[in-house]
Amino acid sequence: PSVAADSSGNAMAVWQHEGEVWARRYDVTLGWEVSPTQLSNSPRGVFTPKIVVDGNDVFTVVWIEDSDPINSGLPGGGPNHASPYARRYASGSWQTSSQRIGWPGSDFLGQFDGAGRFWVDNNAAGDVFVVWEQGRTLADNSHEYSVGTARFDAGAGTWSGPATITAHTGYLSWPQVALDNSGNALAVWYKDESAGSSARGSWFNTSTGTWSAPELLDQTGTGDVSGIVVAMDGNGNAEVAWYETGKGMIERRYNATAGTGWGTFNQRTPGSNHLVLDMSDSGYAVLLGDTMSYSTTTWTRAAWAWVFTP
């Protein structure tokens with residue numbers, strides 16, 4: 001399940017049930033709606049719906065949907081091309097139907113090419129970015145992995161077509177994205193390298209409408225990196241953090257206000273994993289993680305928090 005609340009205290013909860021995405025609204029005066037609303041119409045199933053809300057109290061729900069009908073006469077039910085879908089709630093009603101924001105199934109050569117894990121973020125003005133893992137079979141029957149993206153432009157009131165931020169022959173995993181109040185964004189992910197894995201990132205420039213070439217965010221590009229997270233304030237200052245084997249949790253800050261760019265690599269103790277990061281428009285940030293301590297008789301798990309004050 002996922003939930004978001006607007007500026008008046010009204011909330012929207014979304015979840016997955018029996019192969020579809022459902023939503024139910026909480027009204028600060030009237031309480032919960034009598035019955036939920038079905039948002040998806042998948043022939044197979046849906047995965048991990050997430051919801052965000054902007055400064056105009058517009059909710060956007062995104063999920064991954066198995067989009068091809070089941071063919072019981074073929075192995076695995078026949079071709080299936082999972083894709084991100086979105087649906088928006090504004091002025092008291094849902095958009096008429098969900099919208100596919102990933103590539104159509106006809107774009108793929110492989111029977112099971114499709115989207116995987118994704119992330120969604122928005123700003124107060126209503127711009128929305130979605131990034132996701134994308135698998136694709138190439139003409140020589142090799143496989144390509146990429147970070148796909150789509151953007152809702154609040155000014156135009158429309159979704160962009162899907163685009164590729166970067167592609168690789170190895171895995172590009174667990175992408176996340178964050179954006180500032182001007183609609184500039186930073187996407188991050190971790191990349192399988194020939195030796196180890198690395199933390200990578202790319203910037204979206206709202207003036208040019210383009211993504212930058214991917215840049216290395218960790219120190220070497222040959223460590224064992226996982227669980228990268230990102231957040232950004234309204235002015236474009238960003239925080240990233242990840243877990244790296246042998247070093248623990250590493251945090252790094254991008255200073256847009258001072259114009260100094262990326263700062264130092266900060267090793268935070270204890271070396272926490274399963275990171276969660278959020279930042280307010282004014283620049284306050286909270287980073288959460290957990291640790292597991294082992295002994296012959298007891299396992300102890302602890303939650304830790306780091307707070308950044310601008």
Side-chain angles (χ1 to χ4, degrees), residues 47-48 50 62-68 79-86 100-121 128-153 159-179 183-206 208-230 238 240 242 244 254 262:
F47 306 94
T48 57
K50 295 181 175 69
V62 180
W63 63 90
I64 300 296
E65 181 171 322
D66 287 340
S67 55
D68 294 17
N80 181 42
H81 303 97
S83 174
Y85 279 72
R100 184 172 183 145
I101 58 174
W103 287 274
S106 57
D107 276 18
F108 300 109
L109 298 177
Q111 291 193 352
F112 297 98
D113 292 348
R117 290 165 292 216
F118 76 96
W119 198 259
V120 57
D121 193 29
V128 183
F129 277 85
V130 182
V131 293
W132 64 88
E133 300 169 347
Q134 181 69 54
R136 185 185 296 270
T137 302
L138 302 180
D140 62 1
N141 213 34
S142 64
H143 206 69
E144 177 187 84
Y145 300 91
S146 62
V147 177
T149 183
R151 170 188 178 227
F152 183 85
D153 186 318
W159 284 96
S160 70
T164 298
I165 297 177
T166 185
H168 183 45
T169 55
Y171 288 110
L172 302 172
S173 305
W174 298 98
Q176 287 198 11
V177 68
L179 61 154
N184 303 299
L186 171 61
V188 300
W189 59 91
Y190 75 85
K191 176 186 177 184
D192 273 4
E193 305 283 0
S194 56
S197 57
S198 64
R200 301 277 172 169
S202 175
W203 294 88
F204 179 84
N205 185 314
T206 191
T208 62
T210 57
W211 289 91
S212 69
E215 60 180 310
L216 179 67
L217 298 180
D218 67 89
Q219 289 170 287
T220 66
T222 59
D224 183 10
V225 171
S226 62
I228 186 168
V229 291
V230 63
V240 295
W242 60 87
E244 191 166 348
Y254 182 91
W262 288 110

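Heavy atoms only: backbone and side chains are in, while hydrogens, waters and symmetry mates are out.
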Taking atom [atom1] of [X] and atom [atom2] of [Y], what is their separation to the nearest 0.5 Å?
X	Y	atom1	atom2	value
Asp66	Phe112	CG	CZ	10.0 Å
Asn205	Asn184	CG	CG	5.5 Å
Ser83	Trp103	OG	CH2	9.0 Å
Arg200	His168	CZ	NE2	8.5 Å
Lys191	Ile228	NZ	CD1	13.5 Å
Leu172	Asp192	CG	CG	8.0 Å

> What residues form a side chain to side chain contact (heavy atoms under 4.5 Å, CB included) with Gln176, not counting sequence neighbours?
Replying inline: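 Gln176 satisfies side chain to side chain contact (heavy atoms under 4.5 Å, CB included) with Trp119, Val188, Val229, Val230 only.
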>> Is there a side-chain contact (heavy atoms from CB on, under 4.5 Å) between Leu186 and Val240? Walk through the geometry before answering.
In response: CA-CA 10 Å; Leu186 171 61; Val240 295; 4.2 Å; yes
>> As a quick check of understanding, evaluate side-chain contact (heavy atoms from CB on, under 4.5 Å) for Trp174 and Tyr190, giving each step before the final call.
In response: CA-CA 7 Å; Trp174 298 98; Tyr190 75 85; 3.1 Å; yes
> Under the side-chain hydrogen bond (donor to acceptor under 3.5 Å, both in side chains) test, which residues partner Thr220, sequence neighbours left out?
Replying inline: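 Here the qualifying residues are Thr222.
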>> Test of understanding: with side-chain hydrogen bond (donor to acceptor under 3.5 Å, both in side chains), list the residues that count as partners of Glu215, not counting sequence neighbours.
In response: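 In terms of side-chain hydrogen bond (donor to acceptor under 3.5 Å, both in side chains), with neighbours along the sequence ignored, Glu215 is linked to Trp203, Trp262.
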Of all heavy-atom pairs between [X] and [Y], which one has the smallest distance, and what is that distance?
X	Y	value
Ile165	Ala187	CD1-CB, 3.9 Å
Pro84	Ala115	CD-CB, 3.7 Å
Ala150	Ile101	CB-O, 3.7 Å
Trp189	Pro214	CZ2-CB, 3.8 Å
Asn80	Ser67	OD1-N, 3.4 Å
Gly102	Trp132	CA-CZ2, 3.9 Å

> Of all residues at least two apart in sequence or in a different chain, which pass the ring pair (Phe, Tyr, Trp, His ring centres under 6.0 Å) check with His143?
Replying inline: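 In terms of ring pair (Phe, Tyr, Trp, His ring centres under 6.0 Å), with neighbours along the sequence ignored, His143 is linked to Tyr145.
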> For Trp211, what residues pass the ring pair (Phe, Tyr, Trp, His ring centres under 6.0 Å) criterion, not counting sequence neighbours?
Replying inline: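 With sequence neighbours excluded, Trp211 shows a ring pair (Phe, Tyr, Trp, His ring centres under 6.0 Å) to Phe129, Phe204, given in chain and number order.
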Would a 4.5 Å heavy-atom cut-off, applied to side chains only, mark [X] and [Y] as touching?
X	Y	value
Tyr85	Val62	no
Phe108	Arg136	yes
Arg151	Thr206	yes
Val128	Val120	yes

> Do any pairs count as a salt bridge (charged side-chain N to carboxylate O under 4.0 Å, His left out) and have a residue in residues 106-115, sequence neighbours left out, and if so which ones?
Replying inline: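 Sorted result for residues 106-115: empty, none.
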> Name the one of Glu193, Glu244, Gln219 that satisfies side chain to side chain donor-acceptor pair (under 3.5 Å) with Ser198?
Replying inline: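 Result for side chain to side chain donor-acceptor pair (under 3.5 Å) with Ser198: Glu193.
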>> Assess the residue pair Gln134 and Ser146 against the criterion (side-chain hydrogen bond (donor to acceptor under 3.5 Å, both in side chains)); give the C-alpha distance rounded to whole Å, side-chain angles, the decisive distance to 0.1 Å, and a yes or no.
In response: CA-CA 5 Å; Gln134 181 69 54; Ser146 62; 5.8 Å; no
>> Using a 6.0 Å cut-off, check whether atom OH of Tyr171 has over 12 heavy atoms from anything other than its own residue.
In response: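 No.
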> In this structure, are over 12 heavy atoms from other groups packed under 6.0 Å from Trp159 atom CH2?
Replying inline: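 For Trp159, atom CH2 is crowded (more than 12 foreign heavy atoms under 6.0 Å).
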>> Just to verify, which of Thr166, Val130, Val147 counts as forming a side chain to side chain contact (heavy atoms under 4.5 Å, CB included) with Pro175?
In response: Val147
>> I'd like to know if the side chain of Ser197 and the backbone of Val225 have a donor-acceptor N/O pair within less than 3.5 Å.
In response: yes
> Given the rule in the side-chain contact (heavy atoms from CB on, under 4.5 Å) test, do Val177 and Phe118 qualify, once you have shown the distances and angles that lead to the verdict?
Replying inline: CA-CA 9 Å; Val177 68; Phe118 76 96; over 6 Å; no
